[in-house]
Amino acid sequence: ARFFEKCKDLRIRLEEILRADARHDPASRTPEALSKALGEWGGGWIDPGTLSQVLPETTGSQGLSAERKKRIESLNRDLVRFLDLIRETPALYLVSAEEDLSAPGGTALVHSDPFECAAGVVDGILMNVVEGVRALRVAELELAGGASNEAMDIFLAHFDWQSLTSQELLLVPPVLVVESSDRLTETTMSSLNRLLRTGYPVDIMITVEDSFAPAGPDDSRLTGLLPDFGYLGMAHREVFVLQSCPAEPEHLLKGLRKLVGNLGPGVAVVVSPAPGSSGEISWIVQKLAHRSRTFPCFMYDPALGDTWADRFSLEGNERPEERILKVEIKAETGGHSITAIEEGLTFAHTAALKPEFSGHFYVIGPDAWDEDQVHLSEYLQEYKTQPPEGVPYIWMVSPERELCRAVVTREMVSACRDRMHSWGILQELGGLNNEYVRRAVAEVRAEMEESFAARTQEIEERARTQGATEAVDRLVAL
């Protein structure tokens, strides 16, 4: 509103200059010109012809040069066009490949490549905003007494959207792109990267179905690595990135508020329920995915500073210093007895709730348990370059309310390792369990121990020498 009023004020002042200049023109004193200036009401009381004969010629300051007058008239038209553009601009542009999305109070656009479409939309908006703000800046120079043509040419030649102030960027309406992780992986990844590299002020929401399968939803294969779209977003360095889920509403809402207030490009990677899944089951899956580090929450905000410590936060994750989160689970078994189990949560616990992954679990009762079976969380921690000995399993409760072990496939182990390693990288970025810090501390500790050992040896040798000297002195004294 303040910018709108500023434009209106500049227009009024420019028109006053043009009206004042018009008084120097003999044509402004003709009966026709005076009749137009007086209007219908004034013409009824004053005779324009008589007034034209008695008006003296204008004296005093000279009128505007033809070049400056033309420039001011052009600026006035540009400001009028810009004000009309601001009034007509939608409150929001929503761009997606889906036809069932709506934008109340805004404009919804459907395109097979929503990132390419959004780039075109923002490009056009920025072009109009730059022209309007350029006109406003030049108008201010004119009203301040004018400027040399050379100075104005230099100013205009180098003024682009990156010259806009933070307040002027607010003239760009929000442009939100909604895309699914499946389409992104298959067709639009390159377009996303191109859009983020522009630095345009555009918000992107990537929805990830709660199956978390590398091969895509409704696919039981666990081959390959799960794409980390949040991590890819951070690779662009100056892009705001949020990764969150509805099961953690406080973190999600806080991140979305920051995304909306961000003046640069922003990416929000958010879990969405699989089509046809119940809300309760989806909430449990999301909660497990978050706690098992399958889909951790994090935020990367370039506006907070220049270092990773300033920009990156793992806030919103329970005990983020732990590589595998261990929780106590109370299972109601046969006879209504309660069994407390300490369980290290992994991707397998999330996958166990998804029917498409049932083939990766083999449930066995107590009569089939043996010492070769190792809990999956322990198995993963021992797994370095080669798989350890043993058969990995997780705990389950059967439909008959009996505590069982579910042996997992090698594919499931690989998927769990992928998620654990991904979480480990995020931990290091967040300053937790950082290997560089561990090595530096170990090096300093080794140097201190070496120095202490040398100092101790020196003191011992000095003591022995001093003791021997004192013994000789006592013998001489005898």
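Just so it is clear, the structure is predicted and the values come from calculations on it, not from any experiment. Sequential numbering from 1 along the given sequence is applied to the chain's residues.
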Could you tell me if the side chain of Asn193 sits less than 4.5 Å from the side chain of His236, heavy atoms only? yes
Would a 4.5 Å heavy-atom cut-off, applied to side chains only, mark Pro320 and Trp423 as touching? yes
Rounded to the nearest 0.5 Å, what separation is found between the CD atom of Glu428 and the CD1 atom of Ile425? 8.0 Å
side-chain hydrogen bond (donor to acceptor under 3.5 Å, both in side chains) between Thr346 and Ser292, intermediate numbers included: CA-CA 5 Å; Thr346 67; Ser292 66; over 6 Å; no
Going through the checks in order, is the side-chain hydrogen bond (donor to acceptor under 3.5 Å, both in side chains) test met by Ser181 and Glu209? CA-CA 8 Å; Ser181 59; Glu209 284 191 13; over 6 Å; no
For Glu179 and Thr188, which I'm curious about, is there any donor-acceptor pair between the side chains at under 3.5 Å? yes
Chi angles and distances behind the side-chain hydrogen bond (donor to acceptor under 3.5 Å, both in side chains) call for Arg323, Gln381: CA-CA 9 Å; Arg323 181 61 62 94; Gln381 289 175 322; over 6 Å; no
Within the side chain of His375, is there an N or O that forms a donor-acceptor pair under 3.5 Å with the backbone of Ser377? yes
How far apart are the C-alpha atoms of Leu195 and Val202, what are their side-chain angles, what is the distance that settles it, and do they pass the side chain to side chain contact (heavy atoms under 4.5 Å, CB included) test? CA-CA 9 Å; Leu195 177 57; Val202 58; 4.0 Å; yes
Other residues, nucleotides, ligands: >12 heavy atoms within 6.0 Å of Arg237 CZ: no
Please report the shortest heavy-atom distance between Val270 and Cys245, naming the atom on each side. CG1-CA, 4.5 Å
Euclidean distance, Ile394 CD1 relative to Tyr379 OH, rounded to 0.5 Å: 15.0 Å
Proximity of Tyr300 and Phe240 rings by center, below 6.0 Å: no
Write down the atom of Glu168, the atom of Val129, and the distance for their closest heavy-atom approach. O-CG1, 4.2 Å
Applying the side-chain hydrogen bond (donor to acceptor under 3.5 Å, both in side chains) criterion to Glu248, which one of Gln286, Lys287, Arg291 satisfies it? Lys287
For Asp306, look at atom CG and say whether over 12 heavy atoms of other residues, nucleotides or ligands are found less than 6.0 Å away. no
Nearest 0.5 Å, please: how far is CD in Glu322 from CG in Leu432? 11.0 Å
How far apart are the C-alpha atoms of His251 and Ser244, what are their side-chain angles, what is the distance that settles it, and do they pass the side-chain hydrogen bond (donor to acceptor under 3.5 Å, both in side chains) test? CA-CA 7 Å; His251 183 268; Ser244 193; 2.9 Å; yes
Step by step, would you call Met448 with Val444 a side chain to side chain contact (heavy atoms under 4.5 Å, CB included)? CA-CA 6 Å; Met448 291 180 65; Val444 171; 3.9 Å; yes
Looking at every heavy atom in both Val177 and Pro114, which two are closest together, and how far apart are they? CG1-CB, 3.7 Å
So, the side chain of Glu315 versus the backbone of Phe298: is there a donor-acceptor pair under 3.5 Å, distance only? no
Counting distance only, does the side-chain N/O of Arg257 pair as donor-acceptor with the main-chain N or O of Leu252 below 3.5 Å? no
Tell me the closest heavy-atom pair linking Pro174 and Leu92, and the distance in Å. O-CD1, 3.4 Å
Is any side-chain heavy atom of Trp395 less than 4.5 Å from a side-chain heavy atom of Ile329? no
Using a strict 4.0 Å threshold on nitrogen-to-oxygen distance, state whether Glu140 and Lys6 make a salt bridge. yes
A side-chain contact here means heavy atoms from C-beta on lying under 4.5 Å apart; do His290 and Cys297 qualify? yes
The test is side chain to side chain contact (heavy atoms under 4.5 Å, CB included); show your working for Val363 and Met396 and say whether it passes. CA-CA 8 Å; Val363 180; Met396 284 189 179; 4.1 Å; yes
Taken to the nearest 0.5 Å, the spacing of Asp113 CG from Arg183 CZ works out to 7.5 Å
Yes or no on side chain to side chain contact (heavy atoms under 4.5 Å, CB included) for Cys416 and Val413, after CA distance, side-chain angles and deciding distance? CA-CA 5 Å; Cys416 292; Val413 171; 5.7 Å; no
Atom pair CG/NZ of Leu10 and Lys8 - distance to nearest 0.5 Å: 12.5 Å
So, are Asp84 and Arg87 salt-bridged, with charged N and O less than 4.0 Å apart? yes
Any Glu318 side-chain heavy atom under 4.5 Å of Leu325 side chain: yes
Determine whether Leu184 and Ile206 make a side-chain contact, defined as any pair of heavy atoms from C-beta on separated by less than 4.5 Å. yes
When you measure from the side chain of Asp228 to the backbone of Gly230, do you find a donor-acceptor pair of N or O atoms at a distance under 3.5 Å? no
Which pair of heavy atoms, one from Val133 and one from Phe159, lies closest together, and at what distance? CG1-CZ, 3.6 Å
Tyr393 six-ring face occupied by Arg405 cation (under 6.0 Å, within 45°): yes
Is there a side-chain contact between Leu345 and Ile324, using heavy atoms and a 4.5 Å cut-off? no
Any side-chain heavy atom of Tyr231 sitting closer than 4.5 Å to one from Gln243? no
Thr409 (side chain) donor-acceptor with Met412 (main chain) under 3.5 angstrom: yes
Shortest non-hydrogen separation from Met234 to Leu426 and the atoms involved: CE-CD2, 4.3 Å
Can a donor-acceptor pair be found, under 3.5 Å and without considering hydrogens, that links the side chain of Glu342 to the backbone of Lys326? no
Looking at Val271, is its backbone amide N or carbonyl O close enough to the side chain of Asp210 to form a donor-acceptor pair, meaning the two atoms are under 3.5 Å apart? no
Quick check against the 3.5 Å criterion: does Arg419 have a side-chain atom that pairs as donor or acceptor with the backbone of Ala348? no
On the six-membered ring of Phe115, is Arg194 placed so that its NZ or CZ lies under 6.0 angstrom from the centre and within 45° of the ring axis? no
Donor-acceptor contacts, no H, no angles, side chain residues 118-126, under 3.5 Å, sequence neighbours left out:
from: Asp123; atom 1: OD1; to: Tyr200; atom 2: OH; distance (Å): 2.6

At what distance, to the nearest 0.5 angstrom, does CG of Leu259 lie from CG of Asp203? 4.0 Å
Using 4.0 Å as the upper bound for N to carboxylate O, is an ion pair formed by Arg134 and Glu131? no
Counting only heavy atoms not in Glu389, do more than 12 sit closer than 6.0 Å to its CD atom? no
Donor-acceptor contact present, side-chain Asn262 to main-chain Pro265, <3.5 Å: yes
Determine whether more than 12 heavy atoms belonging to other residues, nucleotides or ligands lie under 6.0 Å from atom OH of Tyr383. yes
Between the side chain of Ser414 and the main-chain N/O of Arg410, is any donor-acceptor distance below 3.5 Å? yes
